[in-house]
Every structure is written in structure tokens, then in C-alpha cells.
Amino acid sequence: MLKPLAAALCLLAAATASPQAGESNQGLDFKYMYYWDRNGVWNHTPAFAYFRKLAPLWKFQWDQELDVVSGASRRLGLRNIGRLADNDLKLDAVTGASQREIRHSEQATFAYAKQGRNAAAAFYFSDENDYRSYSPSLSGSLDCNDRNTTLGGSAATFFDDMHPTGPFRGLGGKRNILSLSATLAQVITPLTLSGLTVNVLHSSGFLGHPYNPVITSAGSLELENLPGEKTGVSLSAQIIQGFHIGEQLGSLRLEARHYRDDWKLVSNTADLQWYQYLREGTYVRLRARGYRQSAAAFAKDAYAGDEAFRTADIRFYAFSSLTLGFKAGSEFPESWAASPYLPDRWDIGYDHGLRNTHGEEDGINPTYHYQLFPADETYVQGTLMVGLSFDL
Amino acid sequence: MKPRPCASLAPPRFPSPPAFFLAGLFALTAAFGCGCARVQQKDREFLSDPIMQRAPDPLGGGLESHNLPRREGSSGGSSGSGGGCGC
């Protein structure tokens with residue numbers, strides 16, 4: 001885990017060894033994300049993105065992320081539930097997941113840009129104690145219509161391998177995901193942008209996980225069994241409208257996304273954000289996001305045990321959520337710009353999520369089922385993100 | 001602690017997906033149709049501002065597209081592909 005990080009740091013040191021005054025051919029963004037939920041599960045994620053122009057038309061970027069979580073995310077809300085309970089450094093006999101998990105991911109990108117023609121190639125790698133992923137990807141875009149219209153496309157494939165530890169060792173498998181997308185972006189007025197993106201996802205292989213066994217009506221535990229393939233399509237539309245309040249620029253952006261797949265899961269998302277400059281370089285952002293999804297065709301509250309497919313994974317059940325967020329950002333004093341070791345900009349934001357979670361009162365022991373609570377409950381979660389940006 | 005009922009958190013009422021889908025597609029088609037009127041380079045000063053970008057915070061947006069689906073348990077609610085981690 002430390003080798004990729006060490007390599008990234010060496011690359012960064014070499015790149016900043018000879019800064020040239022008056023240029024911004026390289027930059028560095030830091031983010032620190034902290035997640036919490038009402039059950040005490042937390043997640044610390046430091047991350048950075050570094051870019052450097054290698055030549056007039058070429059750019060290199062390195063993205064690095066580290067996740068430290070108190071509960072593997074599959075065990076959403078299962079703190080202090082289970083035969084061994086959620087004690088640190090012990091495996092939960094119900095889920096088989098580790099109590100604390102460290103994960104890292106890296107991505108290297110080479111990009112080319114010339115007169116409205118852009119192309120990029122990237123390679124992604126992530127590793128955690130029970131999962132490993134490799135992903136090469138390609139993307140490109142073309143400006144036309146006097147650069148008022150942009151056509152873009154991308155393709156990525158993931159080679160994932162789930163290898164559980166503990167009581168569920170040997171129950172994982174390999175998974176392959178192919179993601180294809182096409183984007184059309186259009187400038188409409190000097191203050192209006194719009195975009196349309198279509199994305200097709202095809203997944204095959206071991207698509208589930210063994211950590212949440214299914215309970216039948218008779219009370220027996222069965223392993224999850226999902227179809228070996230899934231194809232999904234999403235269509236997202238975005239419009240950004242700029243305006244002025246006094247002399248200060250603001251923007252209102254609305255993004256709507258519709259997703260459906262051949263497991264019969266359908267979801268809709270609407271995300272509204274208002275950015276507003278308060279003075280030069282200082283802005284605030286308010287956000288409201290609503291989400292609703294239906295259940296997959298094979299998802300049931302209780303199983304007879306003779307179903308072809310069964311799951312207790314919370315991701316395949318119906319729910320809706322509301323996220324409200326606030327963000328602010330500004331610039332540091334101009335005198336700081338003279339030093340590459342002092343940041344140029346900062347930002348801080350917080351998103352608060354409310355998720356309705358349906359409980360059950362049909363006599364089935366809720367401790368082992370996907371439901372978090374015996375009765376309907378509002379699940380609360382929050383995400384804090386702090387960022388620093390350096391123009392090197 | 002007695003669980004609070006979920007009744008106060010009614011799910012957002014969205015139009016049926018096909019109507020929503022078609023309305024959005026129509027609006028965008030109309031918007032793109034207006035693209036026949038080109039915005040000159042000299043009039044694009046505001047379009048280059050960070051708050052007018054389609055992705056104003058690429059690193060933050062990437063972290064969110066990874067974290068939000070796994071914590072919320074959502075499918076298709078972000079630009080993530082669903083692969084790349086055992087979340």
C-alpha cells in the first residue's frame with residue numbers, strides 16, 4: 001500500500017524541484033473528507049490530485065485516495081449488531097467484514113489537448129483487504145460549432161476481484177464492468193450551458209457479496225444469489241444558468257438523472273445547486289438533492305427459500321433520500337501566491353443526508369435482515385469535505 | 001431510544017419516469033436547437049469562470065461519486081460506474 005504513495009510523493013518532489021516564476025504548469029489539490037452516520041460508522045478520506053504539463057499539448061495527472069473506515073460499507077448501520085457485536089479489531093460473525101478497513105486507490109492520466117480536440121488515457125488501481133480493482137480507460141472530446149458545441153465519449157473497463165476474509169473466505173469471485181458514455185454539451189447564451197450524457201454499464205461475474213446472508217421465512221440463513229449479468233443505462237441532463245446579483249456572478253445548476261437496468265431497478269435523481277460569489281474570489285454554494293429508487297425485481301422482504309435469486313443487500317431495495325448541502329470557498333492573500341508551498345485557495349463543505357429506511361414488523365428477526373431497524377426509520381448521515389489548492 | 005416513524009420524511013414526489021424522461025429530453029432538444037445561434041469568443045468571459053463549469057470541483061466531485069452511492073446505497077444516482085472498490 002505504501003509503495004504507490006511513495007512513488008507519487010517522489011514524482012511530486014521531482015516535479016516541484018524547479019518551479020518557474022510566472023507559470024502555472026502544475027497544480028495540486030488536497031481534499032479531506034469525513035463521513036459519519038447516526039450509528040457511529042465513520043470514514044476518513046484524504047485525497048490529492050496533482051497535474052503537470054509535460055509539453056505544450058500534453059498533461060500528466062496523478063490522483064491518490066486513502067480510505068479509513070470504521071465499518072466496511074456493506075455493513076451499513078450494523079454497529080453493535082451481530083453475535084460478536086462491532087468491537088474494534090474483531091470480525092463480525094454475521095457479516096464476515098472487518099471492523100476497520102484501509103483502502104487506497106490511484107489513477108494516472110495522460111491527456112492531450114489541441115485546438116478543441118482532447119484525448120486522455122488513464123489507468124486506475126485500488127486495493128483493500130477483500131477487494132482489488134484495475135481499470136484502463138480512454139476518453140475524448142471534440143469542439144465544433146465555433147467551440148459552442150462539445151461532443152465527448154469515454155470507455156472504461158474494470159477488472160475486479162472480491163476475495164473475502166474470515167468466515168466467508170472463498171466465497172467471492174471476479175467481476176468485470178464495461179462503462180461507455182457519450183456527452184453532448186452546448187453553449188446556449190453567454191451565461192447558459194447545457195449538457196446531456198448517456199451512459200451504458202454492463203457488469204458480469206460475481207456481482208454481489210457474501211456479507212449479508214438472506215433469511216428465509218422459516219428463519220434459516222441462505223447466501224445471497226444474484227444474476228451473473230446486469231446491464232444498466234442512465235441519461236443525465238444538466239443546465240447551468242449564470243446571472244448577476246449586483247456585480248457578482250452567480251450560477252444555478254440543475255442536473256437530472258434517470259437510471260434503469262435489466263434487474264428492473266429504476267432510479268431518479270434531481271440535484272439543484274446555487275453558486276454565488278459574495279466578492280471576487282469568494283463564493284458560497286447551497287445544494288438540494290433528491291433521490292428515489294425502486295427495488296430490483298427479485299428483492300423481497302422475506303424469502304421462501306426456493307427463489308432463483310435472493311438478496312439482503314440494501315442497495316437493491318426501494319428507498320428515497322434528501323441531501324442538503326452548504327459549501328464556501330475563497331482565495332488566500334495574493335502574497336501567498338509567490339510561494340509554491342502555500343495554498344492559493346480553500347473550500348469547505350458539508351452535506352447532510354436523510355434516507356428513509358423501511359423497517360418490518362412481520363416477526364422475522366430484523367437483526368440479520370437488510371433492514372436497519374424493526375420499524376420505519378430515518379437514517380441520518382453527514383459528509384464534511386475540506387480542500388486546499390496550490391498553483392505551483 | 002424509541003425509533004421515530006418515517007412518516008415525516010415522505011419520499012419526493014417525482015413524475016413517472018417516462019414523462020420525466022421525455023420532458024427532459026424535449027427541453028434539452030429545444031435547448032440544443034437554440035445552439036444554432038453561436039456565442040462569440042469575446043462574449044464568453046463568464047463561461048470560463050469556475051462556477052460556470054460543468055465540473056467545478058473535479059476532485060471533490062470524484063470523492064462524492066465514490067462515497068455517496070456506497071453510503072446511501074443508491075444505484076445510478078451518481079456518475080460512478082459501480083466498480084473499482086468493494087463498497
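Letters go in sequence order (proteins before strands), and every chain restarts at 1. This is a predicted model, so every value here is computed, not measured.
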A:D161 meets the salt bridge (Lys or Arg N to Asp or Glu O under 4.0 Å) criterion, sequence neighbours left out, with A:K174
If one checks every heavy atom of A:H244 against chain B at 4.5 Å, the contacting part turns out to be side chain
With sequence neighbours left out, the residues meeting side chain to side chain donor-acceptor pair (under 3.5 Å) with A:S234 are none
Most contact-rich option vs chain B, by heavy-atom pairs under 4.5 angstrom, among A:T323, A:D271, A:I240, is A:I240
If one checks every heavy atom of A:L265 against chain B at 4.5 Å, the contacting part turns out to be side chain
Whatever's closer than 4.5 Å to a heavy atom in chain B on A:D351 counts as side chain
**OP:** Please assess A:Y134 against A:F159 for the test ring pair (Phe, Tyr, Trp, His ring centres under 6.0 Å), listing each intermediate value before the final yes or no.
**Re:** CA-CA 5 Å; A:Y134 303 89; A:F159 301 95; 7.9 Å; no
Honestly, the part of A:T197 sitting under 4.5 Å from a heavy atom of chain B is side chain
Turns out that what part of B:Q53 lies under 4.5 Å from chain A's heavy atoms comes down to backbone
One option among B:E45, B:E64, B:Q40 has the most heavy-atom pairs under 4.5 Å with chain A, and it is B:E64
- prompt: Does one side chain, of A:N268 or A:H258, offer a donor that lies under 3.5 Å from an acceptor on the other?
  reply: yes
If one checks every heavy atom of A:T183 against chain B at 4.5 Å, the contacting part turns out to be side chain
message: Distance to the ring centre below 6.0 angstrom and angle to the axis at most 45 degrees; does that hold for A:R355 and A:F319?
response: yes
Turns out that what part of B:R54 lies under 4.5 Å from chain A's heavy atoms comes down to both
Below 30° counts as parallel, above 60° as perpendicular, anything between as tilted: where do the rings of A:Y283 and A:Y277 land? perpendicular
Counting heavy-atom pairs under 4.5 angstrom with chain B, the leader among A:M385, A:E255, A:Q241, A:Q276 is A:M385
Whatever's closer than 4.5 Å to a heavy atom in chain B on A:T383 counts as side chain
When rounded to the nearest 0.5 Å, the distance separating OG of B:S75 from CZ of A:F316 is 6.0 Å
Under 4.0 Å between a side-chain nitrogen and a carboxylate oxygen: does that hold for B:D57 and A:K327?
yes
The interface call for A:R285 against chain B, heavy-atom contacts under 4.5 Å, is neither
